[in-house]
Amino acid sequence: MFRGSSNFEKLLDKATSPLKLEPDWPVIIQICDQIRQGDVEPKFALSCIKKKMTNVNPHVVMFGLDVLESCVKNCGAPVHDEIGTKPFMESMRETIKTTQHENARNKLLELIQAWAHAFRNSPKYRCVQDTVNILKADGYKFPTLKESDAMFKADTAPEWADGDCCHRCRIQFSVIQRKHHCRACGQVFCHQCSSKTTNLPKYGIEKDVRVCESCFEKANKPSTT
Ligand SMILES: O=P(O)(O)O[C@@H]1[C@H](O)[C@H](OP(=O)(O)O)[C@@H](O)[C@H](O)[C@H]1O
Ligand SMILES: [Zn+2]
Ligand SMILES: [Zn+2]
């Protein structure tokens, strides 16, 4: 875990270097991949990104916002679960109130508005819309919403299901018969039914991870073309 974090921090410092003249998208994509592959905890990643918001250098702040925007768009629920919390939203409000950089303030208002729109049907992330309402009540002016900003295109691995027996052979789990999860379908299996591994590029998972028999076959069937 520690290695992943230090590697993540190096990537983030590179992506937000004040020496850069424009966003370093290849590095930003690597950062998103690290989160999507589980190489770094989303909570840790976002705490590092948040620190960039308070940097004295406006370039660092703006590049940090580019990283934040990309992670929210590309990493799915693990990141949404972090930003859609009251503490995170409060820290964003604090940044909007205290930052010396007008561009950063406007970019953050734009992002929070886009997230509120994207999460409009998710009560779980209600505090994002609440934050927009509070900021409006505080007199902040939001830019016109661009629908495209609120489209999260990421195809992310499904959340893990729970169960007391194997999804495929129905054997009951016990102290001996341990549970395992397929990273492709998210279902719970015994070891015998999920002993294979494969990468899942469609979910941004480049390394081999545990999958069930049927997901292994699907991921490795010869293409018909
Ligand atoms: O070994 P355990 O103590 O039962 O814990 C299980 C392992 O962590 C499994 O990881 P894996 O899928 O990578 O095997 C995970 O899928 C299960 O949900 C956990 O219950
Ligand atoms: Zn089984
Ligand atoms: Zn599966």
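For reference, positions follow the sequence shown, starting with 1. All ligand and atom numbering here is 1-based and tracks the order in the structure.
Of the protein's heavy atoms, Arg183 NH2, 2.8 Å lies nearest to atom 13 (O) of ligand 1. Given atom 7 (C) of ligand 1, the protein heavy atom at minimum distance is Lys179 O, 4.1 Å. The protein heavy atom nearest to atom 1 (O) of ligand 1 is Arg178 NE, 4.0 Å. The protein non-hydrogen atom at the shortest distance from atom 15 (C) of ligand 1 is His181 ND1, 3.8 Å.
Contact check for Cys71 versus Ile49: side-chain heavy atoms found under the 4.5 Å cut-off. Between Thr197 and Val209 there is no side-chain heavy-atom pair separated by less than 4.5 Å. The closest side-chain heavy-atom distance from Glu9 to Phe44 is below 4.5 Å. Between Lys179 and Asp162 the shortest side-chain heavy-atom distance falls below 4.5 Å. Side chains of Met92 and Thr131 form no contact here, defined as non-hydrogen atoms less than 4.5 Å apart.
Residues Phe173 make up the rest of the hydrophobic cluster containing Val188, defined by ILVMFWY side-chain heavy atoms closer than 4.5 Å, directly or through other members.
Using a 4.0 Å cut-off between heavy atoms, Gln177 makes no contact with ligand 1 at all. Under 4.0 Å from ligand 1, heavy atoms of His180 appear from its side chain as well as its backbone.
Checked against the 6.0 Å centroid criterion, the rings of His180 and Phe189 do not qualify as a close aromatic pair.
At least one N or O atom of Arg210, backbone or side chain, sits closer than 3.5 Å to an N or O atom of ligand 1.
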From CA spacing to verdict: side chain to side chain donor-acceptor pair (under 3.5 Å), Glu110, Asn106: CA-CA 6 Å; Glu110 181 190 304; Asn106 292 334; over 6 Å; no
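Closer than 2.8 Å to the Zn ion (ligand 3) sit the protein N, O or S atoms Cys182 SG, Cys185 SG, Cys212 SG, Cys215 SG.
Here the Zn ion (ligand 2) is the vertex; the SG atom in Cys166 and the SG atom in Cys193 give an angle of 110° (to 10°).
A cation-pi arrangement is present between Lys136 and Phe142, with the terminal nitrogen or guanidinium carbon under 6.0 Å from the aromatic centre and inside a 45° cone about the axis.
Side-chain atoms of Gln100 come within 3.5 Å of backbone atoms of Thr98 as a donor-acceptor pair (strictly under, hydrogens ignored).
Less than 4.0 angstrom separates atom 5 (O) of ligand 1 from none of the non-hydrogen atoms of the protein.
Under a 4.0 angstrom heavy-atom cut-off, Phe173 registers as lying outside contact with ligand 1.
Relative ring orientation between Trp160 and His181 is described as parallel, the plane-to-plane angle staying below 30° on a 0-90° scale split at 30° and 60°.
Note on Cys190: counted as a metal contact of the Zn ion (ligand 2), an N/O/S atom lying under 2.8 Å.
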